[in-house]
Amino acid sequence: MTYAIQAEGLVKRFGETVALNGVSLTARPGTVLGVLGPNGAGKTTAVRILATLLRPDGGRATVDGHDVVRDAHQVRQLIGLTGQYASVDEMLTGTENLVMIGRLLGLSRADAKARAAELLERFDLWDARDRATKTYSGGMRRRLDLSASLVGRPSVLFLDEPTTGLDPHARGGLWDTVRGLVDDGVTVLLTTQYLEEADQLADDIVVIDRGQVIANGTPDQLKTQVGGQVLQVRPADERDRETVAGLVSVVVGEGMQIEGDLVTAPVTDPAVLPTVVRRLDDAGVVVAELSLRKSSLDEVFLALTGHRAEAAEATPELVTEGIRA
Amino acid sequence: MTASTLTPPRTLTRRVSPAATLRHTATLAWRSLVQIKHNPMELIDLSLQPIMFVLLFTYVFGGQMSGDPAKYLQFALPGIIAQNAMFATMNTGFMLNTDLTKGVFDRLRSLPIGRMSPLAGRIVADTVKQAWSMAILLAVGMLIGFRLKTNVGDLFLAFLLLLVFSLAFSWIAVLIGVLVDEPDKVQIFGFTTIFPLSFTSSAFARVDTMPGWLQAWVKVNPVTNLADATRGLLNGGAVASPVIKSLVWAAALAVVFAPLAVRALRRRV
Ligand SMILES: Nc1ncnc2c1ncn2[C@@H]1O[C@H](COP(=O)(O)OP(=O)(O)OP(=O)(O)O)[C@@H](O)[C@H]1O
Ligand SMILES: [Mg+2]
């Protein structure tokens, strides 16, 4: 089988920084590959290489079998790219932005206009179509940016953190769009910092940290590996902490942690909750808080790497466009 | 979507044909010109500022300079046109930098289009804008008393020379536009270099009125050649030497800065 996207040992350095240190990944045609990682992991760098914007220093990558360096022109005919930061021309209207792309892709003027109208309608931008996009809200810009990457009906779509900065409603809308595209046979590679998003959309997930793949598999495989959820117990009386900790670690097994008077533990099987409640009751411990929540990305990283996801360095906007010697 | 959009097998082209490159360049030039519609400030920049210059120089300085505003206008307008053309080249760098920092350039580069089309489209559009502001300057000048002493053919040659020179000079703007991290820095560069460069020339005052050490510089300043050539072509007088020197300068600027700019752009993106 030819993979829609295949990367082998990608390396990219920016001066001293090793942004990618041997990243390999594959996406089967018509599926969603989620690339999960904290700030600075190398997600954008990987996407830019796959989308022919950046040359790798090592390794190779293909899209539909075409080498992203040697056959870049062919690759560009297949892909759509929505970058991390909306890249629409602020001085043009929504319509003009899309017509320009259509024309550049070789559509006739009439076809480019028709395609623009279709996309503006679909992404709820019809009423704003004749306004300069500098007057658009952040969410509208992102939607226009996505429309722009769909003008050429790409068979492989790259979405770099497509939902960052969107409200929950818009995020849900984007998820539906991605599902619709996949139903049409499009292969989607999407990067995200949210485990939940990858879980919702992706058929396969690759977790990147510090330029290296630290885990991959289906969402379920990953969750079993790291514990999909976190149990939190806070005794009403701090003196019961040791009792609680002892009993939680018996029920849950490994990974129990104590922070102040809060006892936490990764959980793969939600059925442990009633068991814990019963044991607490038996022990006569009154709890102030007892909850089961989804693991945060931080906890996934803690589980996978033993270190916390590095605190988001103050990443200036458009860092990748910055000039460095 | 319907089944017809199910990613069809497509025939991929191997490279961008020259005809397609021209088409892409035209589309991108269109895009830069359409921008003006939504950003009237740019039109003001393009028209109002030059007009203000003509009026200021004529009515404020003219009497003092030549004893008569009309007489000074006749002398200074070619210089003002030359100076304005140089300022206008900074626009290319400013807009290019905007595209780079806003990510528009990345979007364009991810499309199967000619690699140099985004830059070429920009330059074509800016040449149109150049021609526009030259025409405005000339029109305003003629409205308040400037007279073309030669003929329309020479006028045409003057504009052609100005366009060729500014095209060459704009490679400096492109280089700066690629090197700096925000568009405003291109403007700052423009003001701090073009102001002194254009005033220490024959654009606004006769060279023989200047102190000797300054004359030495003014005589080699390319703006002097350009202003003298423009003046000769509009007002009459010797043109061969300044025209040739201007063209040599243009060629030198292009030979040095075009490769530097293209290399910097390749490296940045
Ligand atoms: N053009 C560049 N010049 C220098 N360093 C860069 C450049 N682009 C990226 N880097 C560095 O490479 C590393 C990976 O960056 P990248 O943008 O790929 O991360 P990311 O996973 O997309 O992060 P985020 O979630 O913040 O978008 C970072 O340390 C970053 O500072
Ligand atoms: Mg990123």
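Computed from heavy atoms alone, side chains included, the values below leave out hydrogens, waters and symmetry copies. Proteins get letters first, then strands, A, B, ... in listed order; numbering begins at 1 in each.
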A.B. asks: Name the option with the most non-hydrogen atom pairs under 4.5 Å to chain B; the candidates are A:T82, A:V99, A:L78.
C.D. replies: A:L78

A.B. asks: Is any side-chain heavy atom of A:M100 closer than 4.5 Å to a side-chain heavy atom of B:W30?
C.D. replies: yes

A.B. asks: Rounded at 0.5 Å granularity, tell me how far CG in A:D89 sits from CE in B:M95.
C.D. replies: 7.5 Å

A.B. asks: Between A:L104 and chain B, which part of the residue has a heavy atom less than 4.5 Å away: side chain, backbone, both or neither?
C.D. replies: both

A.B. asks: Using a cut-off of under 4.5 Å for heavy-atom pairs, which of B:E182, B:R14, B:R267 has the most such pairs with chain A?
C.D. replies: B:R14

A.B. asks: Which answer fits B:R115, side chain, backbone, both or neither, if we ask what part of it has an atom under 4.5 Å from a heavy atom of chain A?
C.D. replies: side chain

A.B. asks: Rounded to the nearest 0.5 Å, what's the gap from CD1 on B:I113 to CZ on A:R103? Could you check?
C.D. replies: 13.5 Å

A.B. asks: Of all heavy-atom pairs between B:H38 and A:A132, which one has the smallest distance, and what is that distance?
C.D. replies: CB-CB, 4.0 Å

A.B. asks: Does some side-chain heavy atom of A:H66 sit less than 4.5 Å from a side-chain heavy atom of B:L12?
C.D. replies: yes

A.B. asks: For A:S87 versus B:G103, what's the shortest heavy-atom pair and its separation?
C.D. replies: CB-O, 3.1 Å

A.B. asks: Do B:V104 and A:V88 make a side-chain contact, defined as non-hydrogen atoms from C-beta onward lying under 4.5 Å apart?
C.D. replies: no

A.B. asks: Within the 4.5 Å heavy-atom criterion, are B:K102 and A:E90 side-chain neighbours or not?
C.D. replies: yes

A.B. asks: Quick one: of A:D71, A:L81, A:L105, A:D64, who has the most non-hydrogen atom pairs under 4.5 Å with chain B?
C.D. replies: A:L81

A.B. asks: Heavy-atom pairs under 4.5 Å with chain B - which of A:G106, A:G152, A:A51, A:S149 has more of them than the others?
C.D. replies: A:S149

A.B. asks: Say you draw a straight line from CG of A:L53 to CZ of B:F105; how long is it, rounded to the nearest 0.5 Å?
C.D. replies: 11.0 Å

A.B. asks: Just how far is it from atom CG of A:L92 to atom NZ of B:K37, taken to the nearest 0.5 Å?
C.D. replies: 9.0 Å

A.B. asks: Considering only heavy atoms, which portion of A:A148 lies under 4.5 Å from any heavy atom of chain B: side chain, backbone, both, or neither?
C.D. replies: both

A.B. asks: Any ion pair linking A:E96 and B:R31 (charged N to carboxylate O, less than 4.0 Å)?
C.D. replies: no

A.B. asks: Taking only residues at least two apart or on different chains, which pairs with a member in residues 127-137 of chain B satisfy salt bridge (charged side-chain N to carboxylate O under 4.0 Å, His left out)?
C.D. replies: B:E42-B:K129, B:D126-B:K129

A.B. asks: Is a side-chain N or O of A:Q77 found less than 3.5 angstrom from the main chain of B:T13, in a donor-acceptor match?
C.D. replies: yes

A.B. asks: Does any heavy atom of chain B fall under 4.5 Å from the side chain of A:Q84, the backbone, both, or neither of them?
C.D. replies: neither

A.B. asks: For chain B, which residues from residues 133-146 of chain A have at least one heavy atom closer than 4.5 Å to it?
C.D. replies: A:K134, A:D145

A.B. asks: Taking CZ in B:R23 as the centre, count heavy atoms belonging to other residues, nucleotides or ligands within less than 6.0 Å. Is the count above 12?
C.D. replies: yes

A.B. asks: Please tabulate, one pair per line, all N/O donor-acceptor pairs under 3.5 Å involving side-chain atoms of residues 191-199 of chain B, not counting sequence neighbours.
C.D. replies:
| residue | atom | partner | partner atom | Å |
| --- | --- | --- | --- | --- |
| B:T192 | OG1 | B:I188 | O | 2.9 |
| B:T192 | OG1 | B:F189 | O | 3.1 |
| B:T193 | OG1 | B:F189 | O | 2.9 |
| B:S198 | OG | B:Q83 | NE2 | 2.9 |
| B:S198 | OG | B:I194 | O | 2.7 |
| B:S198 | OG | B:F195 | O | 3.3 |

A.B. asks: With a 4.5 Å limit on heavy-atom distance, are the side chains of A:Q74 and B:R15 in contact?
C.D. replies: no

A.B. asks: List in chain and number order the residues that pass salt bridge (charged side-chain N to carboxylate O under 4.0 Å, His left out) with A:K12, two or more places apart in sequence or in another chain; answer none if no residue qualifies.
C.D. replies: A:D57

A.B. asks: Is A:R48 paired with B:D106 through a side-chain N to carboxylate O contact shorter than 4.0 Å?
C.D. replies: yes

A.B. asks: Where the side chain of B:R107 meets the backbone of A:G83, is there a donor-acceptor pair that is under 3.5 Å apart?
C.D. replies: no

A.B. asks: With only heavy atoms counted, which part of B:I36 is less than 4.5 Å from chain A, the side chain, the backbone, both or neither?
C.D. replies: neither

